[in-house]
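Report on one structure; see the data block that follows.
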Amino acid sequence: FQFRESPRPMLGDVELNYEIAWEYYEKKHVKASHHWEEILLCSPDHIVTAEMDDEQTKSRFEFIKENAPPFLDKSKSDPRVSAVGVIHGRDVEERIGQYEMFKSMGYEYVALGGMVPYSTRQSQVLEIVAGIKDIESPLIDKNSILGRCRRDGIRLHIFGLNSPEWVRWWYRLQVDSFDGSKLSTEGAANGWYYIPNDGKGIGRDLPEKPTKVGQFYQRIAVKKMMAIDWSWESKNGILIPNVPFTNDGVDTNCNCPACLYLKSSRCTSERCWYRKIVNDKWHVSDPRMMGSTEHNMGRVAHNAFVFSWLIEQIVRLNEIADNSEINKENA
């Protein structure tokens with residue numbers, strides 16, 4: 001997306017192609033010190049947006065096409081690597097054409113790119129992915145991208161859509177994989193702290209018959225948690241907060257592995273606003289406040305555990321639905 005205005009995609013100041021992409025991937029991932037069991041690597045692609053003219057679109061499709069076969073050959077040098085063909089297009093027909101191209105080349109994994117602009121348009125996304133016309137009665141069109149993947153034994157990845165409500169759909173439709181930046185943008189940058197409605201605290205009742213994932217958790221802005229007004233006590237030379245319930249009466253306390261660690265580790269930032277207030281005394285890296293990398297990235301880690309719990313609920317409800325006879329009570 002960063003080089004969407006460039007005629008050709010760039011890697012820094014170098015024009016990208018399959019050889020440069022493979023060299024970069026090989027150094028960063030394939031030969032990394034960590035031994036990955038499986039590595040998904042995308043063939044070089046160039047984003048195609050809905051408003052692009054025919055000439056631009058044709059040029060970008062040609063770039064994708066000319067790099068895809070040699071990149072697939074490169075990927076075969078390591079059995080852990082799956083080459084992923086990234087599908088773009090201005091409409092469903094162009095995307096299906098791209099899918100068929102990758103299939104004919106021998107790709108066994110494809111991804112839908114350029115989806116983030118549609119993140120708030122649920123109907124449009126589901127039509128692009130699965131040909132679904134009616135969200136209340138979702139049927140996968142056998143000629144859609146997902147329908148073709150199932151028929152052809154090709155795996156499907158969705159780029160950029162990983163909010164909990166989208167995760168619900170990807171599990172429901174049995175999409176193979178997905179990704180996105182929701183956890184880092186919401187947790188670190190925007191300061192949202194997730195609270196699971198898991199029944200393990202006041203104001204956190206577990207929903208009996210949820211109709212959307214949002215009923216399973218709460219997003220609380222840490223700026224509204226008023227850390228400036230918390231009371232603190234010293235333990236082993238580190239200040240630990242007593243965090244009151246929110247104004248809505250919600251217990252924000254958490255004992256996930258991230259929080260258990262953060263409540264005992266200190267914020268090491270010299271610039272954290274609270275350290276300045278308490279005359280350079282150390283305080284813990286509580287994720288319910290902002291002020292340093294420890295607080296902010298700690299919140300991302302906490303949110304990731306809540307996110308994992310949300311997925312468990314999504315899987316549980318899908319399993320219940322799969323094993324239930326549909327009737328008026330449970331439809």
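Please read these numbers as outputs of a predicted model, since none were measured by experiment. These values consider heavy atoms only, across backbone and side chains, with no hydrogens, waters or symmetry-generated copies.
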Determine whether R60 and M52 make a side-chain contact, defined as any pair of heavy atoms from C-beta on separated by less than 4.5 Å. yes

Testing the basics here: between G114 and P117, what is the closest heavy-atom pair and its distance to 0.1 Å? O-CD, 3.5 Å

Under a single-linkage definition using a 4.5 Å side-chain heavy-atom cutoff for Ile, Leu, Val, Met, Phe, Trp and Tyr, are I240 and I228 assigned to the same hydrophobic cluster? no

Donor-acceptor contact present, side-chain S75 to main-chain S82, <3.5 Å: no

Please list, one pair per line, the donor and acceptor atoms closer than 3.5 Å that link side chains of residues 18-35 to other protein atoms, with sequence neighbours excluded.
| from | atom 1 | to | atom 2 | distance (Å) |
| --- | --- | --- | --- | --- |
| Y25 | OH | C42 | O | 3.0 |
| H35 | ND1 | R80 | NH1 | 3.4 |

Crowded around N247 CG? As in, over 12 foreign heavy atoms under 6.0 Å? no

Is any side-chain heavy atom of R90 less than 4.5 Å from a side-chain heavy atom of D54? yes

Tell me which donor-acceptor pairs under 3.5 Å the side chains of residues 302-316 have, and how far apart each pair is, sequence neighbours excluded?
| from | atom 1 | to | atom 2 | distance (Å) |
| --- | --- | --- | --- | --- |
| H302 | NE2 | Y194 | O | 2.6 |
| N303 | OD1 | Y194 | N | 2.9 |
| N303 | ND2 | W192 | O | 2.9 |
| Q313 | OE1 | R316 | NE | 3.1 |
| Q313 | OE1 | R316 | NH2 | 3.1 |

Applying side-chain contact (heavy atoms from CB on, under 4.5 Å), run through N255 and K200 and close with a yes or a no. CA-CA 10 Å; N255 289 318; K200 297 180 180 179; over 6 Å; no

Side-chain ion pair, R8 and E66, N-O less than 4.0 Å: yes

Could you check whether any side-chain heavy atom of L161 comes within less than 4.5 Å of a side-chain heavy atom of W169, counting everything from C-beta outward? no

If you apply the rule side-chain contact (heavy atoms from CB on, under 4.5 Å), what do you find for H295 with H283, and how did you get there? CA-CA 11 Å; H295 294 299; H283 61 282; 3.2 Å; yes

Do any N or O atoms from the side chain of R204 and from the backbone of D251 form a donor-acceptor pair under 3.5 angstrom? yes

Say whether, by atom type as modelled, one donor and one acceptor occur between the side chain of K235 and the main chain of S264 under 3.5 angstrom. no

Between T246 (side chain) and V250 (backbone), is there a donor-acceptor pair under 3.5 Å? yes

Can you tell me how far CE of M225 sits from OG1 of T252, rounded to the nearest 0.5 angstrom? 3.5 Å

Below 4.5 Å, heavy atoms only, C-beta onward: do V129 and I145 meet side chain to side chain? no

Reference residue Y107; test ring pair (Phe, Tyr, Trp, His ring centres under 6.0 Å); the match among F102, Y99, F71: F102

Do I96 and M101 belong together in a cluster built from hydrophobic side chains that touch within less than 4.5 Å? yes

S163 and E165: CA distance, side-chain angles, deciding distance, side chain to side chain donor-acceptor pair (under 3.5 Å) verdict: CA-CA 5 Å; S163 67; E165 200 61 36; over 6 Å; no

Here the pair of heavy atoms bringing C149 nearest to V110 is SG-CG2, 3.9 Å

Atom CD of E51: over 12 foreign heavy atoms under 6.0 Å: yes

Should E127 and K133 be marked as a salt bridge (charged side-chain N to carboxylate O under 4.0 Å, His left out) after you check the CA-CA gap, both sets of side-chain angles, and the distance that decides it? CA-CA 6 Å; E127 183 170 1; K133 306 292 185 183; 2.7 Å; yes

Is there a continuous path of hydrophobic side-chain contacts, each under 4.5 Å between heavy atoms, that joins F159 to L41? no

Name all residues meeting the ring-ring contact (aromatic ring centres under 6.0 Å, His included) criterion together with Y118; count only those two or more places apart in sequence or in a different chain, and write none if there are none. none

Are Q215 and N197 close enough, and set up right, to give a side chain to side chain donor-acceptor pair (under 3.5 Å), and what steps lead you there? CA-CA 8 Å; Q215 292 171 255; N197 290 331; over 6 Å; no

On a heavy-atom basis, which atom in H157 and which in S177 lie closest, and how many Å separate them? ND1-OG, 2.8 Å

Nearest 0.5 Å please: distance from the CG atom of N190 over to the OG atom of S184. 9.5 Å

Report the residues that fulfil ring-ring contact (aromatic ring centres under 6.0 Å, His included) with H88, sequence neighbours left out, ordered by chain and then residue number. none

Considering only heavy atoms from C-beta outward, does the side chain of Q98 approach that of V48 to under 4.5 Å? no

Give the minimum heavy-atom separation between G89 and R95, together with the two atoms involved. O-NH2, 3.1 Å

Measure the CG-CG distance between L239 and D286 for me, rounded to the nearest 0.5 Å. 12.0 Å

Test item: S137 side-chain N/O and D134 main-chain N/O as donor-acceptor pair under 3.5 Å: no

Decide yes or no for V167 and V213: does some side-chain heavy atom of the first lie under 4.5 Å from some side-chain heavy atom of the second? no

Under 6.0 Å from the CZ atom of R151, do we count more than 12 heavy atoms belonging to anything else shown? yes

Before giving the answer on side chain to side chain donor-acceptor pair (under 3.5 Å), spell out for T268 and E294 the whole-Å C-alpha distance, their side-chain angles and the decisive distance to 0.1 Å. CA-CA 8 Å; T268 62; E294 285 89 350; 2.3 Å; yes

Within this structure, what is the OG-CD1 distance for the pair S144 and I132, rounded to the nearest 0.5 Å? 8.0 Å

Which atoms form the tightest heavy-atom contact between H46 and S6, and what is the distance? NE2-O, 2.7 Å

Where the side chain of D179 meets the backbone of G160, is there a donor-acceptor pair that is under 3.5 Å apart? yes

Working for side chain to side chain donor-acceptor pair (under 3.5 Å), residues D176 and Y109: CA-CA 9 Å; D176 295 284; Y109 217 127; 5.5 Å; no

Would you indicate whether the side-chain heavy atoms of R172 and N318 approach each other to under 4.5 Å? yes

Honestly curious: do V175 and L126 fall in one hydrophobic cluster under the side-chain, below-4.5 Å linking rule? yes

Hits for side chain to side chain contact (heavy atoms under 4.5 Å, CB included) against D53, two or more places apart or cross-chain, chain-then-number order -> E55, Q56

Apart from L262 itself, members of its ILVMFWY cluster (side-chain separation under 4.5 Å) are Y261

Is there a side-chain contact (heavy atoms from CB on, under 4.5 Å) between Y193 and R299? Walk through the geometry before answering. CA-CA 7 Å; Y193 178 82; R299 187 164 49 256; 4.0 Å; yes

Just by modelled atom types, is the R266 backbone N or O under 3.5 Å from a matching donor or acceptor in the S285 side chain? yes

Minimum heavy-atom separation for S43 to V86, with atom names? O-CG2, 4.3 Å

Candidate pair W166 and I158, rule side-chain contact (heavy atoms from CB on, under 4.5 Å), full reasoning: CA-CA 10 Å; W166 279 121; I158 309 292; over 6 Å; no

Interatomic distance, M115 atom CE to R121 atom CZ [nearest 0.5 angstrom]: 10.5 Å

Are S123 and I135 packed together at the side-chain level, in the sense that at least one heavy-atom pair is separated by less than 4.5 angstrom? yes

Is there a continuous path of hydrophobic side-chain contacts, each under 4.5 Å between heavy atoms, that joins I47 to L112? no

Separation between CG of N162 and OG of S119, rounded to the nearest 0.5 Å: 10.5 Å

